[in-house]
Amino acid sequence: MIKFSDLNLDPKVLKAIIDTGYETPTPIQAGAIPPALEGRDVLGIAQTGTGKTASFTLPMITLLGRGRARARMPRSLVLAPTRELAAQVAENFDAYAKYTKLTKALLIGGTSFKEQDQLIDKGVDVLIATPGRLIDHFERGKLILSDVKIMVVDEADRMLDMGFIPDIERIFQMTPFTRQTLFFSATMAPEIERITNTFLSNPAKVEVARAATTGENIKQGVVMFEASSKARGEDEKRDLLIRLIDAEGDACSNAIIFCNRKSDVDVVAKALKKNGKNAEAIHGDLEQSHRTRTLDGFRDGSIRFLVASDVAARGLDIPAVTHVLNFDVPSHAEDYVHRIGRTGRAGRTGTAIMICSTRDEKNLADVERLVQNPIPRLDNPLSRATPPTTTSPVDDVDASREDRPRRSRTRGPRKAVPDVDTGADATAPVDVAAPVAEPVVAVIDMAPVMAEVAAPQPDAIVPDRQPRDAQQRDGGSRSDRPARGPDRTAERSSPERRERDTTPHRGRDHQRGGHDNVIGMGADTPEFIAKSFAERSTS
DNA sequence: AAAAAAG
């Protein structure tokens, strides 16, 4: 078993790692750290919960160890899609760099420029930023990126979703092409592939299979919801949510409730509070200080219910929550996986319950296609307790429909789903890992959506297609030069290097299916991964 | 149709 001490990390970094209690690197760390320390570009295909952050912070600190910061010229740069994620990286950096003299600045929106400017002026080794604020600083001429040696792009697929890719390209172009790039994405969408082909040079590719795709340890269920009338719909849906939470009882010790719209986040949080529940809202329209406070409160347990937009769907290192409640079906199917991935982490059990209203049915079908499993239908506690009123002719149609099992209409030929409407235990979510007799849907090309769903052979290490020494012989590539060699700059400016940077079809092995390393976490996920960073540090 | 991020 490989240990951190085998990885050639700076002794000061090792000491900090020991303080956190870690001994063995996670698969993404074991795969990414050695090539990163060699100075190679790294393409990491992994989602959060796999130890991804440390897989770039640890080598970064080690590589930066010797130099020193110069005013306005940071030597490394980490880009994250959301402010919270950037703050989380900064927290990690502080923990692992505590025995070094390295300095950092966190450049995120929603906070004052003044403090950030002062840090930049003084000179920092590491810049951790969201794209917007970084570009803002750059345009004010306060920031020079020509000395960046290492650039990290975290959660690139999320950046893509959020329309940040042009910004990322701009930032790439603001930094020297001689930089070392560590690039992380959960999936390899074509656009991501294009970026990596353009801005990465002969990267070491490290892929980690999804920890829990929609894990067997997550019990899932969906409640079909049809309003008795348009006017009542909103209220009824919130009532339904409260009923579902109450039905879970004490087992639901903390939960994240996801809504698609920020306005719903606010309204739902208010409704839960009114119902006497300890709930707070978090979404992008709230003031940053408020967001931070709320998240901290949820982490330390002083807030029990976090009502959230997708700002909290991915990446956030939140201690395993017992429940995820989807107030809406996410409109991007892959967000479902991210959302429910906030629970049931690393072998713990979790429960994910979703409400699907009539207009969300198409989204539900998309989600089921993506996870390649039907989500068991749960009884709607409201429709059983309160027989639908039939006042107007319009409502009458809806109401009668509400009474009969919706799945016969919505799910067509898919009859193999466990029937949860009949048993006494009907409200208990059913483990979707239970064998299903009939396939849900015909095979549909899921390639662009989620590479790792189809990741081959979890838990297997697939050998490099290209022998390592062959890669290293690849003329003029960075891999054969010492990580901090004296002639590094000259070598990097070679025409060959430049050519590689711009040749579009370089690197066939970038293509999906041609992964260098595919490492599964699967059931072997170490328990500490389920813990938040703070939890780990204190244990 | 909405969320995130720069105001």
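What's counted below: heavy atoms across the whole structure, side chains too, no hydrogens, waters or symmetry copies.
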With side chains defined as the heavy atoms from C-beta onward, is the minimum distance between A/Leu370 and A/Glu334 less than 4.5 Å? yes
Determine the contact category for A/Gly110: base if any of its heavy atoms lies under 4.0 Å from a base atom, sugar-phosphate if only primed atoms, P, OP1 or OP2 are that close, otherwise nothing. sugar-phosphate
Taking the six-membered ring of A/Phe199 as reference, does the cationic atom of A/Arg194 (NZ for Lys, CZ for Arg) lie under 6.0 Å from its centre and within 45° of its axis? no
What's A/Asp310 touching, base or sugar-phosphate or nothing? Going by heavy atoms closer than 4.0 Å. nothing
Please work out if A/Ser331 contacts a base, only the sugar-phosphate, or nothing of the nucleic acid, heavy-atom cut-off 4.0 Å. base
By salt bridge (charged side-chain N to carboxylate O under 4.0 Å, His left out), which residues pair with A/Lys270, not counting sequence neighbours? none
Answer with base, sugar-phosphate or nothing: what part of the nucleic acid does A/Arg158 contact at a heavy-atom distance below 4.0 Å? nothing
Contacts of A/Asp161 that satisfy salt bridge (charged side-chain N to carboxylate O under 4.0 Å, His left out) - sequence neighbours left out: A/Arg314
Answer yes or no: is there a donor N or O on one side and an acceptor on the other, between the side chain of A/Ser309 and the main chain of A/Val311, under 3.5 Å? yes
side-chain hydrogen bond (donor to acceptor under 3.5 Å, both in side chains) filter on A/Asp296, not counting sequence neighbours, yields none
Contact list for DNA chain B against residues 285-296 of chain A - heavy-atom distance below 4.0 Å: A/Arg291
Given the side-chain rings of A/Phe56 and A/Phe184, with only the six-membered ring counted for Trp, is the space between their centroids under 6.0 Å? yes
With A/Lys274, which residues qualify under salt bridge (charged side-chain N to carboxylate O under 4.0 Å, His left out), at least two apart? none
At under 4.0 Å between heavy atoms, what does A/His332 touch on the DNA or RNA strands: base, sugar-phosphate, or nothing? base
Contact interval (first through last nucleotide) of DNA chain B with protein chain A, 4.0 Å heavy-atom: B/dA1 to B/dG7
